[in-house]
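The structure presented is a predicted model; accordingly, all values stated were derived computationally and were not measured. Residue numbering restarts at 1 for every chain, and letters A, B, ... go by the order of the sequence lines.
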Protein chains: 2
Amino acid sequence: MKNRLKVLRAERDWTQADLAEKLEVSRQTINAIEKGKYDPSLPLAFKVARLFAIPIEAIFTDEVEVDIS
Amino acid sequence: MKNRLKVLRAERDWTQADLAEKLEVSRQTINAIEKGKYDPSLPLAFKVARLFAIPIEAIFTDEVEVDIS
DNA sequence: AGTTTAGGTCAAGCTTACTTTACATTGGTA
DNA sequence: TACCAATGTAAAGTAAGCTTGACCTAAACT
């Protein structure tokens, strides 16, 4: 599951900590989601969509991440 | 988090077991989600949306369930 | 050189999502 | 009445999402 969080953040000049605060989650959670460590819960995905005022599908996609480890 | 699974299922005359099979989850998972016991993961929500060919927001909503226990 | 800011990561612990197995309830129908 | 299909529910276990606290690196600034 890919996401455009980093880009959406950059467009607004927000840090991971800024976004975390707005979404009421920890900074580590934002980092983990951006780095593809895990996917957000559905409620959190809704919160993200509401914050950026765009559909969930415009932020997250079902494409699988390429694991480069 | 409310959802329209039961209605979408009814429109297609599918049982909970039918839907579970199509989504590759257990019947209990479908039942639990319909009954509001918990929300699906984001990947499962995407799978549901793809199956019904409608946006996630057309199936799940932010509204909190009323707990009648 | 020392400090600050942003990002990356790890460990331990808790909660939520999901599984399997099993059993109870309800409505229809032979 | 007995049976069967669909639904509801529970217990116990695993996996995933999220927390706090801590530490490390790199870049920018004083």
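- Counting only residues at least two apart or in different chains, salt bridge (charged side-chain N to carboxylate O under 4.0 Å, His left out) contacts with residues 16-31 of chain A comprise A:E24-A:K47.
- Considering every non-hydrogen atom in both A:P40 and B:L42, the closest pair reads O-CB, 3.4 Å.
- Smallest separation of non-hydrogen atoms from A:I56 and A:A45: CG1-O, 4.0 Å.
- B:Q28 comes within 4.0 angstrom of a base, heavy atoms only.
- Each ring pair (Phe, Tyr, Trp, His ring centres under 6.0 Å) pair with one or both residues in residues 13-43 of chain B, not counting sequence neighbours, appears once here: B:W14-B:F52.
- In this view, A:K6 satisfies the salt bridge (charged side-chain N to carboxylate O under 4.0 Å, His left out) rule with no residue, not counting sequence neighbours.
- Among residues at least two apart or in separate chains, salt bridge (charged side-chain N to carboxylate O under 4.0 Å, His left out) pairs with a member in residues 29-44 of chain A are A:R9-A:E34.
- The stretch residues 6-26 of chain A touches DNA chain C through A:R9, A:T15, A:Q16, each having a heavy atom within less than 4.0 Å of the strand.
- Taking every heavy atom of both residues into account, A:A49 and A:P55 meet most closely at CB-C, 4.3 Å.
- By the ring pair (Phe, Tyr, Trp, His ring centres under 6.0 Å) test, A:F46 pairs with no residue at all, sequence neighbours left out.
- For DNA chain C, the contact window with chain A, defined by any atom under 4.0 Å from a protein heavy atom, covers C:dA6 to C:dC10 in 5' to 3' order.
- For B:N3, there are no side chain to side chain donor-acceptor pair (under 3.5 Å) partners at least two apart in sequence or on another chain.
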Under the criterion side-chain contact (heavy atoms from CB on, under 4.5 Å), I'd like the reasoning laid out for B:L44 against B:T29: C-alpha separation, chi angles, the key distance, then a yes or no.
CA-CA 11 Å; B:L44 181 52; B:T29 292; 4.3 Å; yes
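- Residues from residues 35-44 of chain B placing a heavy atom under 4.0 Å of any atom in DNA chain C, listed by number, are B:Y38, B:D39, B:P40, B:S41, B:L44.
- Judged as a side-chain hydrogen bond (donor to acceptor under 3.5 Å, both in side chains), the pairs with a partner in residues 48-60 of chain B (not counting sequence neighbours) are, in order, A:D62-B:R50.
- Every side-chain contact (heavy atoms from CB on, under 4.5 Å) that B:E11 has, sequence neighbours left out, goes to B:V7, B:L8.
- Contacts between chain A and DNA chain D, taken as any atom within less than 4.0 angstrom of a protein heavy atom, begin and end at D:dG17 to D:dA22.
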